[in-house]
Participant: 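Okay, here's the structure, questions in a sec.
Just so it is clear, the structure is predicted and the values come from calculations on it, not from any experiment.
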Amino acid sequence: MSKRLAKKVLLIGWDAADWKVMYPLIQQGKMPTLAKFLSEGVHGKIKTLDPPLSPMLWTSMATGYRADKHGITGFVEPLADNSGMRPVSSTSRKVKAIWNILHQNDLKSNVVGWWPSNPVEPINGVMVSNLYQQATKGKIKDWKMPSGTVHPIELEDKLASLRVHPYEITAEHMLPFVPKLDELDGKTDRTLKGIAKILANAASIHSASTYLQRETDWDFMAVYHDAIDHFSHLCMKFHPPHRPGIPEDRYEYFNQVVNSGYMFHDMMLERSLQLADEDTTVILVSDHGFHSDHLRPRYFVKEPAAPAQEHSPYGMVCIKGPGIKKGEMMHGASVLDVTPTLLTLFGLPVGENMEGKPWLQAFEEPIKVDTIRDWEKEEGDAGR
């Protein structure tokens, strides 16, 4: 094996995060945590894959393969008897994810909210599935977690107690997103309900991840946040500047939602970085971008995946830690590069059949990359 370059690695995913929104906020001093991150590491754009569907892309990040090899091709999949469809599940992934490879090498992983990760896998560490934060009942007392949501099962009750229900989101939580909140009816306005749900989901993931980051031993931790994508699909049409066809009153109510969503993520990032020691390498990445300017579509084609028209081909990536350059740009990154980079950080060989490459340009010193023909051929318990 090559030299291990990172004692720990924290991978944080921000679905749909885009520099076109973040750069202005950084310049205005509204994302101070991310601004400091950029000065301490390397950042750049990251190329997505087509079609830009999130379950497919996050699985490509976690495996180093395109969808035809890893098996996760969209949001739903056929039932075994072909009688209907169900939400896409982890059982349809055909290859090992990074946490399975680490499991085979006696390294401990925590995986929180990764899409798709239900049912959870019995890895060395903790896995919290993408169904964990989703409120299935209107009443908080009736909110049960679906089977297969937490591994090990002994942590289920504790993690269940850390969730935030949309009904727990108050007016004070909503005001930074909707300053004119008192002029709207929170019981009937569907946009307000959507904001509350997104906030609750994000808070639940953050609560679980920071608890595990603080209270458990781990070598690798992967945390997935989908809130920026949901805030953007819900309210990017109201993002400044005002466009023809957008009702003036709705624009006035919701024109700060997207920016506030990014600022909220900056605050969550601050806490995650506070819990990471100096020996931890941190990677912040998105799967695609989101059109926020004149490229915003005015109309959608009539198909289930039509909202993907709002996705842009380049997301964002930042990396900082021991041995990483500081304050520099990185070019040519792809979502397929995430797993090869993680393997390199842990001193493990990269699969020759993986379709990405390590981000060697991010390192201060030249790095020797070992390879292995195919991690799928490596026998033994992989925590699957």
Side-chain angles (χ1 to χ4, degrees), residues 13-22 24-25 46 48-58 61 72 74-76 87-88 113-116 130-131 133-135 166 169 173-174 176-178 184 189-206 224-243 245-247 250-266 268 285-316 335:
W14 285 358
D15 199 306
D18 195 301
W19 290 121
K20 286 186 178 180
V21 179
M22 290 186 291
L25 291 173
I46 191 167
T48 191
L49 302 172
D50 283 324
L53 305 178
S54 292
M56 179 191 84
L57 296 171
W58 291 101
M61 287 195 197
I72 303 298
F75 295 90
V76 295
V88 66
W114 209 262
W115 197 3
N130 58 293
L131 299 185
Q133 74 278 15
Q134 299 178 19
I169 299 299
H173 296 134
M174 299 280 285
F177 295 81
V178 188
L184 296 166
D189 193 291
R190 295 180 64 183
T191 303
L192 284 181
K193 289 182 177 181
I195 295 169
K197 179 181 177 181
I198 297 166
L199 269 176
N201 288 355
S204 296
I205 291 293
H206 182 64
Y224 168 71
H225 284 283
D226 63 5
I228 287 175
D229 185 67
H230 287 299
F231 280 131
S232 298
H233 281 302
L234 183 67
C235 289
M236 188 62 82
K237 54 183 169 288
F238 305 121
H239 191 66
H242 180 252
R243 297 182 299 159
I246 301 299
R250 303 297 284 178
Y251 173 79
E252 290 298 325
Y253 290 135
F254 301 117
N255 66 66
Q256 291 303 309
V257 171
V258 171
N259 282 347
S260 296
Y262 276 88
M263 293 160 63
F264 178 55
H265 280 67
D266 194 75
M268 290 192 290
V285 66
S286 67
D287 55 336
H288 54 73
F290 205 99
H291 291 304
S292 59
D293 49 17
H294 62 287
L295 296 175
R296 285 178 283 180
R298 294 182 179 273
Y299 307 99
F300 293 121
V301 296
K302 292 184 178 180
E303 62 175 48
Q309 290 177 246
E310 296 184 284
H311 297 166
S312 65
Y314 290 96
M316 58 82 72
V335 297

Participant: How many angstroms lie between atom CZ of R296 and atom NE2 of H294, to the nearest 0.5 angstrom?
Facilitator: 10.5 Å
Participant: Distance-only, no hydrogens or angles: does the H230 side chain make a donor-acceptor pair with backbone N or O of I198 under 3.5 Å?
Facilitator: no
Participant: Taking side-chain contact (heavy atoms from CB on, under 4.5 Å) as the criterion, tell me which of N255, I246, V258 meets it with H239.
Facilitator: V258
Participant: Walk me through it: do H233 and E310 pass the test side chain to side chain contact (heavy atoms under 4.5 Å, CB included)?
Facilitator: CA-CA 8 Å; H233 281 302; E310 296 184 284; 2.8 Å; yes
Participant: Kindly give the heavy-atom pair with the smallest separation between A306 and F300, and that separation in Å.
Facilitator: O-CD2, 3.6 Å
Participant: Do P51 and M56 have side-chain heavy atoms sitting under 4.5 Å apart?
Facilitator: yes
Participant: For K20, which residues count as a salt bridge (Lys or Arg N to Asp or Glu O under 4.0 Å) partner, sequence neighbours excluded?
Facilitator: D293
Participant: When rounded to the nearest 0.5 angstrom, what is the spacing between CG in L57 and NE2 in H311?
Facilitator: 9.0 Å
Participant: Okay, side chain of D18, backbone of F290: is any donor-acceptor separation there less than 3.5 Å?
Facilitator: yes
Participant: Specify the closest pair of heavy atoms between I205 and Y224, including all atoms of both residues, with the distance to one decimal.
Facilitator: CG2-O, 3.6 Å
Participant: Can you find a heavy atom in the side chain of V257 that is under 4.5 Å from one in the side chain of F238?
Facilitator: no
Participant: Say whether, by atom type as modelled, one donor and one acceptor occur between the side chain of W114 and the main chain of W58 under 3.5 angstrom.
Facilitator: yes
Participant: Go through the steps for M174 and L199 under the test side chain to side chain contact (heavy atoms under 4.5 Å, CB included), then give the verdict.
Facilitator: CA-CA 9 Å; M174 299 280 285; L199 269 176; 4.1 Å; yes
Participant: Could you tell me the separation between the CZ atom of R250 and the CG atom of L184, rounded to the nearest 0.5 Å?
Facilitator: 6.5 Å
Participant: Nearest 0.5 angstrom please: N201 CG to D226 CG, how far?
Facilitator: 6.5 Å
Participant: Kindly determine whether S204 and Q134 satisfy side chain to side chain contact (heavy atoms under 4.5 Å, CB included), including the steps that lead there.
Facilitator: CA-CA 9 Å; S204 296; Q134 299 178 19; over 6 Å; no
Participant: If you look at every heavy atom in P52 and H288, which pair is closest and at what distance?
Facilitator: O-CD2, 4.1 Å
Participant: Using a cut-off of 6.0 Å, state whether more than 12 heavy atoms not belonging to Y314 lie near its atom OH.
Facilitator: no
Participant: Kindly say whether the aromatic ring centers of F264 and F231 come within a distance under 6.0 Å.
Facilitator: no
Participant: Any chance you could measure L234, atom CG, to R190, atom CZ, to the nearest 0.5 Å?
Facilitator: 10.0 Å
Participant: Can you tell me how far the CE atom of M268 sits from the NE2 atom of H225, to the nearest 0.5 Å?
Facilitator: 4.5 Å
Participant: Mind checking whether Y262 and H265 have side chains closer than 4.5 Å, heavy atoms only?
Facilitator: no
Participant: For the pair Q309 (side chain) and V301 (backbone), establish whether a donor and an acceptor sit closer than 3.5 Å, ignoring hydrogens and angles.
Facilitator: yes
Participant: Quick check: does any side chain N or O of S286 sit under 3.5 Å from a backbone N or O of A17, one acting as donor and the other as acceptor?
Facilitator: yes
